[in-house]
Amino acid sequence: MPQPPFHNPLGSPFIELQTVDSTNNYALTLLHEANLPDRQNPVQHGTAIFAHEQMAGKGQRGKIWTSEKGSNITLSLVVKPQSLQLTQQFQLSVCVAVAVHGFLTKYAGEDVKIKWPNDLYWQDRKAGGILIENIVRSRESGVGIWEWAIIGIGININQTVFPTYLANPVSLKQITGKNFDTVILAKEICDKLNNKFTELINEGFDKIYAQYFTHLYKLNSVVKLKKDSRVFEAVIKGVTPTGSLVVYHSIEEEFDFGDVQWVI
């Protein structure tokens, strides 16, 4: 059943920091402090944390998200999953990816795609990434309760020189030749994500999943993938509603996140 809207939209309150180790870590600290007995103003659903400089940003699979000071969007949002179940974590991931895709498409055009599971690519270059960390409370029944999600979003905006160990980064400035106000753009992402999250809660997953599928990077194309020490070519056929990548290479296979890596 549709749920009533939260009092706070995503992005409210909007906390702007000059320097932090990680916006996701900052959000997790706020949630921890909210459980202390003397805490007067606990963190709320919708809280956004934006940092001009992130000293130890997090990427997928334990990687570091590198960002030049004052040049990019490093943003985390605190979300109460509400009616979503723990088994529906991929639905939130898709919701965020589709919202950020819509934001980037506005500025960078139709070459923006979503690389499974939730990276944002322009042509064959990485423009942004998403990292969602979850807080799950155990119950005596053994079924976990999905209490909070911390949505970390990193988007390359004005940076034009990147570390050499990053293979294929790209920024909005490189794509468009323009400079942007990162705080204004971060608030725009919050608005888009709030609208998409509201749609997910009230209207379900099907429409958002179809949008994700339509914008999937390399859909129906041959790519190189790596599983353990094996590198192989396969055709990207899609992603299941639960988040497994479906590929075809003489046989059809499905891979969960972490089981296989892209070779780009």
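A quick note: this is a predicted structure, and the numbers were derived from the prediction, not measured. Values below: every heavy atom of this structure, side chains too, minus hydrogens, waters and symmetry copies.
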Honestly, is K113 close enough over W122, meaning NZ or CZ under 6.0 Å from the six-membered ring centre and within 45° of the axis?
no

Give the C-alpha distance, both sets of side-chain angles, the deciding distance and a yes or no for side chain to side chain contact (heavy atoms under 4.5 Å, CB included) between H45 and V78.
CA-CA 6 Å; H45 166 89; V78 177; 5.9 Å; no

N/O donor-acceptor pairs under 3.5 Å from side chains in residues 221-231, not counting sequence neighbours:
none

Test ring pair (Phe, Tyr, Trp, His ring centres under 6.0 Å) applied to [X] - qualifying residues, sequence neighbours left out:
X    : answer
F14  : none
F205 : Y209
F180 : Y107

May I ask you to decide if the ring planes of F257 and W116 are parallel, tilted or perpendicular, using 30° and 60° as cut-offs?
perpendicular

Parallel, tilted or perpendicular: rings of Y212 and F90 (30°, 60°)
perpendicular

Return yes when atom CG of N220 has more than 12 non-hydrogen atoms of other residues, nucleotides or ligands closer than 6.0 Å, and no otherwise.
yes

Once rounded to the nearest 0.5 Å, what's the spacing between atom [atom1] of [X] and atom [atom2] of [Y]?
X    : Y    : atom1 : atom2 : value
I175 : Q123 : CD1   : CD    : 8.0 Å
L172 : N179 : CG    : CG    : 11.0 Å
T242 : Q91  : OG1   : CD    : 10.0 Å
L28  : I135 : CG    : CD1   : 5.5 Å
I155 : L185 : CD1   : CG    : 10.0 Å
K106 : K192 : NZ    : NZ    : 6.0 Å

If you group Ile, Leu, Val, Met, Phe, Trp and Tyr by side-chain heavy-atom gaps below 4.5 Å, do [X] and [Y] land in one group?
X    : Y    : value
L17  : V43  : yes
F213 : L200 : yes
I145 : I132 : no
L166 : V263 : no
V246 : V260 : no

Does any non-hydrogen side-chain atom of [Y] lie less than 4.5 Å from one of [X]?
X    : Y    : value
L120 : I114 : yes
L92  : F197 : yes
V170 : N168 : no
L131 : N118 : no

What are the two closest heavy atoms between [X] and [Y], and how far apart are they?
X    : Y    : answer
L216 : G238 : CD2-CA, 3.9 Å
A186 : I73  : N-CD1, 3.8 Å
T160 : Q174 : O-NE2, 3.1 Å
C190 : L75  : SG-CD2, 4.1 Å
K115 : W262 : NZ-CD1, 3.1 Å
E68  : N72  : N-ND2, 3.5 Å

What residues, two or more places apart in sequence or in another chain, satisfy side-chain hydrogen bond (donor to acceptor under 3.5 Å, both in side chains) together with E53?
T19

Side-chain ([X]) to main-chain ([Y]) donor-acceptor, under 3.5 angstrom:
X    : Y    : answer
E133 : I150 : no
S12  : N8   : no
N156 : S171 : no
Q89  : L86  : yes

Determine, stepwise, if the pair V94 / V239 fulfils side chain to side chain contact (heavy atoms under 4.5 Å, CB included).
CA-CA 11 Å; V94 167; V239 176; over 6 Å; no

Can you list the residues that meet the side chain to side chain contact (heavy atoms under 4.5 Å, CB included) rule with E203, with sequence neighbours excluded?
E199

Go through I49 and N24 one step at a time and tell me if the side chain to side chain contact (heavy atoms under 4.5 Å, CB included) criterion holds.
CA-CA 8 Å; I49 298 99; N24 267 30; over 6 Å; no

Check each of T23, N25, D21, T74 against Q54 using the side-chain hydrogen bond (donor to acceptor under 3.5 Å, both in side chains) test, and report the only one that passes.
T23

Verdict with reasoning, D259 to L245, per side chain to side chain contact (heavy atoms under 4.5 Å, CB included)
CA-CA 10 Å; D259 287 349; L245 180 69; over 6 Å; no

Could you check whether K218 pairs with D124 (Lys NZ or Arg NE/NH1/NH2 to Asp/Glu carboxylate O, under 4.0 Å)?
yes

With a 6.0 Å cut-off on the ring centroids, do H215 and Y217 count as close?
no

